[in-house]
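All chains are named by letter (A, B, ...) in the order of the sequence lines, taking the proteins before the strands, and each is independently numbered beginning at 1.
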Amino acid sequence: MASYRVNVLIQAMCRNPETIARLNADLDAVFEQFGLSEAERSALRDGSMEAMRSVGAHPILQMHWLMARQPQIMEQMSILEYPGLLEE
Amino acid sequence: MARVVSAYATSHILFSPRGVERQASNVVQGMQELGKRAAAARPDVALIIVSDHMFNVNLSVQPPFLVGVADQYTGFGDMGIPPRPFRGHRNFAEGLVRYAATRGFDLAKAEELRPDHGITLPLLFIRPWGAVPAVPLYVNINMEPVPSSARCHAFAEAIRDYIRDERPPNERVALVGSGGLSHWLRIPNMGHVSPEFDEEIIGLMTAGHGARIAQLSTADILRRGGNGGLEVLNWMMAAVAAGEPPGERVYYEPIPQWQTGMGGVALAV
């Protein structure tokens with residue numbers, strides 16, 4: 001059952017790096033704080049597009065979730081391997 | 001009567017070049033060329049037409065069009081782009097909001113934004129960092145209802161007239177349409193790239209027919225270019241605001257490994 005709560009959690013996370021650290025330290029505590037249902041928790045743990053869509057996660061917020069949970073995605077989607085771009 | 005001295009449209013993301021070194025190099029060179037030309041035009045202000053990636057504008061409040069009016073911004077710091085400050089342009093931005101209201105567009109204003117890569121990546125190529133004050137104009141292509149193509153087109157005409165009729169003589173304006181090309185982000189068909197759609201958009205832009213992009217409905221664009229492809233509305237708006245000059249294809253690479261078509265067009269203003 002889709003709801004807005006999943007998106008509330010991810011949006012809070014986007015603006016607060018501390019939430020990302022807490023997520024990675026104790027996922028269940030954050031789920032509890034945001035009042036997520038079992039289905040929502042399961043979908044976020046799963047992380048697949050189908051699972052996240054089924055609980056109403058916005059596509060862009062899905063990307064934020066993946067980047068927070070899988071730092072290698074954030075490293076891929078960056079300019080870090082183009083060091084010349086930061087030289088003035 | 002101000003002048004548009006630079007106008008271009010460009011994709012606004014980079015991924016690791018590993019495995020696609022040639023394409024990545026072409027993309028970066030293209031972005032560098034666009035930024036170099038923009039800096040050489042010595043603009044007094046750059047209006048960047050873009051869509052926020054829900055770092056600032058998210059489901060909590062969903063304005064169709066939003067203008068940053070602050071004197072200064074600090075980038076969000078995503079995509080590895082350092083969160084450095086850059087100047088805004090309050091006079092241009094607030095004037096645009098006032099003028100747009102006379103043309104039937106009631107715009108949202110923002111004093112506090114942390115612009116993400118949609119703005120900071122194009123700015124990274126206009127050297128040196130912060131040389132040109134920037135005004136963020138956010139078009140809500142991410143949350144339903146997306147402003148219609150016709151509405152975006154009419155708004156772009158109002159921006160064109162604002163620059164031409166309302167801005168101080170000798171002011172030099174740069175326009176950037178930021179985003180695109182085809183990509184399907186976390187929706188069915190994810191990972192698909194459509195060179196056919198991308199080429200059509202680039203062809204229209206280079207032929208001086210960027211306005212015709214507005215003949216595609218948002219449903220057409222979504223179907224043919226994906227949800228991320230809706231960012232071509234930002235390209236269309238830059239073209240219309242620039243007076244629909246012809247242009248030059250500076251780079252294009254469909255990169256399935258990046259799950260997107262990457263392109264840039266310089267308009268001959």
Would you indicate whether the side-chain heavy atoms of B/Leu14 and A/Ser78 approach each other to under 4.5 Å? no
Only counting residues at least two apart or in another chain, list the ones meeting salt bridge (Lys or Arg N to Asp or Glu O under 4.0 Å) with A/Glu81. B/Arg18
With a 4.5 Å limit on heavy-atom distance, are the side chains of A/Arg53 and B/Pro188 in contact? yes
Rounded at 0.5 Å granularity, tell me how far CD1 in A/Ile73 sits from CZ in B/Phe15. 10.0 Å
Check the pair A/Leu86, B/Leu124 against side-chain contact (heavy atoms from CB on, under 4.5 Å), reporting the backbone distance first and the verdict last. CA-CA 8 Å; A/Leu86 293 177; B/Leu124 192 63; 4.0 Å; yes
Answer yes or no: does atom CD of A/Glu18 have more than 12 heavy-atom neighbours from other residues, nucleotides or ligands under 6.0 Å? no
Would you mind checking which part of B/Ile13 comes under 4.5 Å of any heavy atom in chain A, side chain (CB onward), backbone (N, CA, C, O), both or neither? side chain
When only pairs under 4.5 Å are counted, which of A/Val8, A/Ile60, A/Asn7 shares the most heavy-atom pairs with chain B? A/Ile60
Main-chain N/O of A/Met52 paired with B/Arg186 side-chain donor or acceptor, under 3.5 Å: no
Which bit of B/Asn227 is near chain A, if near means a heavy-atom gap under 4.5 Å: side chain, backbone, both or neither? side chain
Region of B/Met31 in contact with chain A, defined by heavy-atom distances below 4.5 Å: neither
Atom of A/Pro59, atom of B/Ile187 and distance for their closest heavy-atom approach: CG-CG2, 3.9 Å
Within residues 58-75 of chain B, contacts to chain A at heavy-atom distances under 4.5 Å involve B/Asn58, B/Leu59, B/Ser60
Those residues of residues 61-71 of chain A that come under 4.5 Å of chain B on a heavy-atom basis, listed by number, are A/Leu61, A/Gln62, A/Met63, A/His64, A/Leu66
If you draw a 6.0 Å radius around CD in A/Gln33, do more than 12 non-hydrogen atoms from other residues or ligands fall strictly inside? yes
To the nearest 0.5 Å, what is the distance between CG on A/Leu85 and CG on B/Leu121? 8.0 Å
What are the two closest heavy atoms between B/Ala24 and A/Tyr82, and how far apart are they? CB-OH, 3.5 Å
Under the side chain to side chain donor-acceptor pair (under 3.5 Å) rule, what pairs show up with a residue in residues 27-42 of chain B, not counting sequence neighbours? B/Ser25-B/Gln29, B/Glu33-B/Arg37, B/Arg37-B/Glu248
Atom CD of B/Gln257 and atom CD of A/Gln76: how far apart are they, to the nearest 0.5 Å? 10.5 Å
Exceeds 12 heavy-atom contacts within 6.0 angstrom, atom CD of B/Glu112: no
By a 4.5 Å heavy-atom criterion (distance strictly below it), what part of A/Met74 contacts chain B: side chain, backbone, both, or neither? neither
When A/Glu87, A/Glu75, A/Glu50 are compared by non-hydrogen pairs under 4.5 Å with chain B, the top option: A/Glu87
